[in-house]
Amino acid sequence: MSTQTTPSWTNCTDCTDVRPTEDMTTMRAAFIETLGPPDTIRYGDIPAPVPGPTDVLVEVDATTVNRVDTLVRSGVFRTPVSFPLAVGRDLVGTVAAVGPGAPGFDVGDRVWANSLGHAGRQGAAAELAVVAADRLYHLPDGADPLTAVAVAHPAATAHLGLFTHGRVRAGETVLVEGAAGNVGAALTVLAAEAGARVVATASASDLDHCRSLGAAEAFDYRDPALLSLLRDACPDGVDVHLDTSGRNDFAPAVELLAPRGRIVLLAAVRQSAALPTRRLYMKDGSVVGFVISHATSAELAEAAVTINRLLAAGRLRPRALERRPLSAAAEVHRRMEEGELHGKRVVLLT
């Protein structure tokens, strides 16, 4: 931590409690000063954040890299940012200071968050982060912090897709395409845990893994007979269809859909095929899309309740976890964009 002679939180006049720590006005961070490719990320000193009255200051232990982080950094996803911008949205750490309008948190609490680094908020890839109290959650007792930060974004995405937008109910059939990936695995676990019947597609080598997550049936997405196999596996149709790949092939998706079934778009940056509207209309079907960055604090807090419950039960975990220093952020962004991290989560340690 970079130190100065200025007292620690001279500007933090609203904070009711402060964790004892060395004086600082700067901190180490992985940050950008312009939108662009991965090599725009630098590692060095930037000004330390100052919490407001409804904020909590967190000493960050670890963050991670999500696909959406690369979209913010590159400018593909347009959102208000101020430079220098610490990248990243997820963190796990310890409360260092609490504003008077941030009840429910105490200095020393172990916490996590998953919505920084966009919409004008500074990011998580830093030694310190300011988090609005309504976007910060307690880490469950006994939960591994690195597991928590690794699953936070995929699991929140899954919860929004399944329940906020997909309106999944117990007994329904959910088709998860790409069920072995990070979001796909979370979709499978959350849907099965909620009492839905999950049918999964993935690579042949991943089918047993999908079943271990709770899928009732799993099929090789490369199988030429896949559509026929899915028809047989879902004789009453698919109630909720989610494709994590972003291909969003609507013709077979609508064909498989049950009456009043829902297609939920959670990855649709690329242009997709035409929608067979007549067939969708005749089934009373619907298509709904969402971007997690647009989720409200109330929606994220609802997801956090489920995430914490499953973390405490050991039901949410990354398939593979790699640890890297915060200084490796640019490298990890590059690997993410080049498709090297399928099924793997990389955590960056401060």
Side-chain angles (χ1 to χ4, degrees), residues 66-68 151 153-168 172-194 196-258 261-276 279-280 283 285-292 318-319 339 341-344:
N66 305 293
R67 175 63 176 165
V68 70
V151 304
H153 181 78
T157 302
H159 190 279
L160 290 165
L162 289 168
F163 307 113
T164 306
H165 301 284
R167 308 186 310 281
V168 169
E172 291 191 318
T173 295
V174 175
L175 174 58
V176 178
E177 298 202 52
N182 294 308
V183 174
L187 285 165
T188 303
V189 170
L190 266 66
E193 196 269 343
R197 176 174 175 266
V198 180
V199 177
T201 69
S203 298
S205 60
D206 289 327
L207 299 183
D208 285 342
H209 176 63
C210 294
R211 296 184 187 101
S212 75
L213 296 171
E217 300 193 56
F219 301 98
D220 181 356
Y221 76 92
R222 295 187 182 91
D223 193 324
L226 178 62
L227 185 56
S228 177
L229 292 169
L230 291 174
R231 284 195 206 101
D232 292 342
C234 308
D236 297 321
V238 171
D239 295 294
V240 180
H241 176 282
L242 306 105
D243 181 358
T244 67
S245 73
R247 287 187 300 269
N248 298 312
D249 190 349
F250 288 123
V254 172
E255 180 181 339
L256 291 167
L257 214 58
R262 290 84 73 193
I263 297 172
V264 180
L265 304 181
L266 47 74
V269 173
R270 292 172 289 176
Q271 187 66 34
S272 55
L275 178 68
R279 185 67 170 145
L280 182 71
K283 288 189 172 186
S286 61
V287 178
V288 60
F290 76 97
V291 176
I292 190 172
R319 188 175 184 183
L341 300 180
H342 175 72
K344 176 185 287 187

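As the structure is a computational prediction, the values presented were derived from the model and not from experiment. Values below: every heavy atom of this structure, side chains too, minus hydrogens, waters and symmetry copies.
Of all non-hydrogen atoms in V288 and H165, the two that sit nearest each other are CG1-O, 3.7 Å. Between G237 and T173, the shortest heavy-atom distance links the atoms O-CB, 3.9 Å. Of all the heavy atoms in G178 and T244, the pair that sits closest is O-OG1, 3.2 Å. Minimum heavy-atom separation, L257 to G285: CD2-CA, 4.2 Å. Of all heavy-atom pairs spanning V287 and L275, the tightest one is CG2-CD1, 4.0 Å. Minimum interatomic distance between V168 and A196 (heavy atoms only, all atoms of both residues): CG1-CB, 4.0 Å.
With sequence neighbours left out, the salt bridge (Lys or Arg N to Asp or Glu O under 4.0 Å) criterion links E172 to R169, R262. Applying the salt bridge (Lys or Arg N to Asp or Glu O under 4.0 Å) test to K283 and every residue at least two apart in sequence or in another chain returns nothing. Applying the side-chain contact (heavy atoms from CB on, under 4.5 Å) criterion to A158, with sequence neighbours excluded, gives A186, L187, L190. Residues satisfying the side chain to side chain donor-acceptor pair (under 3.5 Å) test with D208, not counting sequence neighbours, are R211. Legend: residues meeting salt bridge (Lys or Arg N to Asp or Glu O under 4.0 Å) with D239, ordered by chain and number and at least two apart, are absent. For R167, the salt bridge (Lys or Arg N to Asp or Glu O under 4.0 Å) test picks out no residue, with sequence neighbours left out.
Using a 4.5 Å heavy-atom cutoff, the side chains of T201 and L175 are in contact. No side-chain heavy atom of V183 sits less than 4.5 Å from a side-chain heavy atom of R67. Considering only heavy atoms from C-beta on, V199 stays 4.5 Å or farther from V238 through its side chain. When side chains are defined from C-beta on, T164 does not count as touching F290, because their heavy atoms never get closer than 4.5 Å.
Atoms CD1 and NE2, on I292 and H159 in that order, are 11.5 Å from each other to the nearest 0.5 Å. The structure places OG of S203 at 11.5 Å from NE2 of H209, a figure rounded to the nearest 0.5 Å. Rounded to the nearest 0.5 angstrom, C234 SG and L229 CG are separated by 10.5 Å. With rounding to the nearest 0.5 angstrom, the NE2 atom of H342 is 8.0 Å from the CG atom of N182.
We find that R197 and D236 are not joined by a salt bridge, their nearest charged nitrogen and carboxylate oxygen being 4.0 Å or further apart.
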inquiry  = Please evaluate residues L242 and L162 with respect to the criterion side chain to side chain contact (heavy atoms under 4.5 Å, CB included), reporting the C-alpha separation (whole Å), side-chain torsions for both, the decisive distance (0.1 Å), and the verdict.
reply    = CA-CA 8 Å; L242 306 105; L162 289 168; 3.9 Å; yes

task = Test D243 against I263 for side chain to side chain contact (heavy atoms under 4.5 Å, CB included), laying out the working first.
result = CA-CA 9 Å; D243 181 358; I263 297 172; over 6 Å; no

message = As a quick check of understanding, evaluate side chain to side chain contact (heavy atoms under 4.5 Å, CB included) for Y221 and D206, giving each step before the final call.
response = CA-CA 11 Å; Y221 76 92; D206 289 327; over 6 Å; no

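Under a 3.5 Å cut-off, the side chain of D220 and the backbone N or O of R222 do form a donor-acceptor pair.
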